[in-house]
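Residue numbers start at 1 and run along the sequence shown. Counting starts at 1 for both ligands and their atoms, in listed order.
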Amino acid sequence: HLAGLEPGFDLPALPGMSLSEVQTPALILDLDALARNLRRMSTFVATHGMKLRVHGKMHRSVDVYRLQEQIGGASGICCQKVSEAEVFARAGVKDILISNEVRDPRMIDRLAQLPRFGGRVAVCVDAPGAVADLAQAVARHGYPLDVLVEYDSGAGRCGVQGADAAVALAQAITAAEGLRYAGLQSYQGSVQHLTEFNSRRAAAAEAILRTAEVIDALKAAGLPPETVTGAGTGSYTFETSSGIYTELQCGSYAFMDADYGRVLDIEGRRFDEGLWENALFVLTQVISTAKPGQAVTDAGLKSLTMESGLPLVFGRPGLTCTGVSDEHSQIRDPEGVLRIGERLRLVPGHCDPTCNLHDWYVGLRGDQVEVLWPVSARGRSY
Ligand code: PLP
Ligand code: MN
């Protein structure tokens with residue numbers, strides 16, 4: 001699929017090139033570090049009997065998902081958007097949950113057609129109107145859909161606000177022709193990046209308690225949820241030990257980023273010191289050293305996002321990124337060690353939106369390019 005494409009114009013590199021030949025800025029993956037992250041999570045879910053439904057919004061890559069299936073213990077994917085899910089469905093992914101609300105009529109219509117690619121498709125709802133709209137679309141297209149009630153366990157985003165509303169929705173799904181009541185989603189997003197372990201555990205415990213109350217109400221109404229899904233990289237150990245979740249939706253653990261790197265584990269160690277490895281980098285090179293004590297590189301906001309803070313300069317303790325503008329990063333270099341053309345690996349603040357800025361992943365084995373993988377669902381935010 002790379003025939004006729006020219007490095008530096010159509011794509012950042014070709015397989016077989018050395019790292020020094022990769023055009024910058026480029027989104028690069030350390031394939032060995034990625035494999036170790038995937039195996040670690042695979043061991044965890046196997047040990048604890050959890051289903052791992054990795055979050056595809058993080059990488060938006062069919063190839064990365066395939067690897068998560070092969071060596072990472074994944075047996076399903078989450079998507080946030082219908083158009084994103086369509087990319088994975090077309091590629092043959094057989095178990096897709098849209099872990100989000102879909103309310104636009106055109107998108108509901110597309111969603112109802114997704115099972116024609118041969119997989120199981122599920123979606124979340126938080127309002128009776130959504131159940132009615134989904135049922136109508138299913139009647140038009142004839143493919144049954146799985147539907148989960150989404151509960152807001154504290155993130156304050158989507159989700160019904162209480163147990164009574166959850167029960168009423170579960171009843172509405174059960175009563176609707178063509179919809180199968182498949183369980184409960186309770187994802188507490190605002191817990192994930194709490195740095196201190198004890199604060200994170202306490203916030204997760206509160207969300208878990210509230211979720212347990214909803215599950216009890218559903219059971220009392222004769223509607224026990226077969227699946228209880230949620231959790232992210234910052235909290236999945238808590239949902240797992242709660243005993244009430246069946247499924248984890250972790251995304252960022254696979255690549256890591258600077259923001260998750262700062263999060264602390266039970267022993268007070270940073271996530272990026274031993275637990276999860278940085279596998280994702282933006283490769284950049286120095287284009288100016290005109291100002292003493294500073295180097296400027298060629299990766300800016302068009303190559304990495306900044307909503308979670310500045311990138312880290314990987315493996316170079318003397319160097320600090322101090323600013324990022326459209327096409328440049330400023331690197332504080334007090335000793336003046338950096339030279340024009342020197343390459344640096346930046347760890348982006350936030351992996352998901354950074355990946356969505358690029359067309360390609362450059363997969364490296366050591367310092368050699370092994371694969372180019374398209375960011376298959378890039379821009380699919382509809
Ligand atoms: N599930 C849902 C619904 C999410 O919105 C997210 C991320 O925001 C995740 C799971 C994955 O979280 P993480 O990347 O922190 O592992
Ligand atoms: Mn994220």
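Using 4.0 Å as the threshold, His55 has a heavy atom nearer than that to some atom of ligand 1. Using a 4.0 angstrom heavy-atom cutoff, Tyr236 does not count as in contact with ligand 1. Not a single heavy atom of His193 sits closer than 4.0 Å to an atom of ligand 1. Within the 4.0 Å heavy-atom cutoff, Tyr253 does not count among the residues contacting ligand 1. In this structure, Arg157 has a heavy atom closer than 4.0 Å to ligand 1.
The distance from the Mn ion (ligand 2) to the nearest N/O/S atom of His350 is under 2.8 Å.
Aromatic rings of Phe238 and Phe197 (six-membered ring for Trp) have centroids within the 6.0 Å cut-off, being under it.
For ligand 1, the atoms sitting less than 4.0 Å from at least one non-hydrogen atom of Gly232 are 12 (O), 16 (O), numbered in the order shown with element in parentheses. In the vicinity of Thr233, heavy-atom distances shorter than 4.0 Å reach the ligand 1 atoms 13 (P), 15 (O), 16 (O). Near Cys250, meaning under 4.0 Å from any of its heavy atoms, are these atoms of ligand 1: 16 (O).
Protein heavy atom in closest approach to atom 14 (O) of ligand 1: Ser252 OG, 2.6 Å. Here the heavy atom of the protein found nearest to atom 12 (O) of ligand 1 is Tyr187 OH, 3.5 Å. Considering only non-hydrogen protein atoms, atom 15 (O) of ligand 1 sits nearest to Tyr260 OH, 2.5 Å.
If you look at Gln249 next to ligand 1, the close heavy atoms, those under 4.0 Å, come from the backbone and the side chain alike. If you look at Lys57 next to ligand 1, the close heavy atoms, those under 4.0 Å, all belong to the side chain.
Taking CD of Glu247 as the start and OG of Ser99 as the end, the distance is 10.0 Å to the nearest 0.5 Å.
The closest side-chain donor-acceptor pair between Thr24 and Gln285 falls under 3.5 angstrom. Judged by distance alone, the side chains of Arg40 and Asn37 never bring a donor and an acceptor atom under 3.5 Å apart. For Ser18 and Ser20, the side-chain atoms include at least one donor-acceptor pair closer than 3.5 Å. In this structure, a donor-acceptor pair under 3.5 Å is present between the side chains of Asp109 and His141. A side-chain N or O of Gln188 and one of Ser190 form a donor-acceptor pair less than 3.5 Å apart. When only modelled atom types and interatomic distance are considered, Gln80 and Asn100 share no side-chain donor-acceptor pair under 3.5 Å.
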For this session: Take Glu196 and Arg200 through the salt bridge (charged side-chain N to carboxylate O under 4.0 Å, His left out) test and state the conclusion after the steps.
Result: CA-CA 6 Å; Glu196 303 304 326; Arg200 207 162 66 255; over 6 Å; no
For this session: Any chance you could lay out the side chain to side chain donor-acceptor pair (under 3.5 Å) test for Thr284 and Thr297, step after step, and finish with the verdict?
Result: CA-CA 6 Å; Thr284 187; Thr297 80; 2.9 Å; yes
Problem set entry | Residues Gln249, Gln185; criterion side chain to side chain donor-acceptor pair (under 3.5 Å); working and verdict | CA-CA 10 Å; Gln249 299 183 353; Gln185 169 164 300; 2.9 Å; yes
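Atom OD1 is the N/O/S atom of Asp352 found closest to the Mn ion (ligand 2).
At a 3.5 angstrom cut-off on N or O pairs, Gln80 counts as close to ligand 1. Residue contacts with ligand 1: Gly251 is placed with a nitrogen or oxygen under 3.5 Å of a nitrogen or oxygen of the ligand (distance criterion only).
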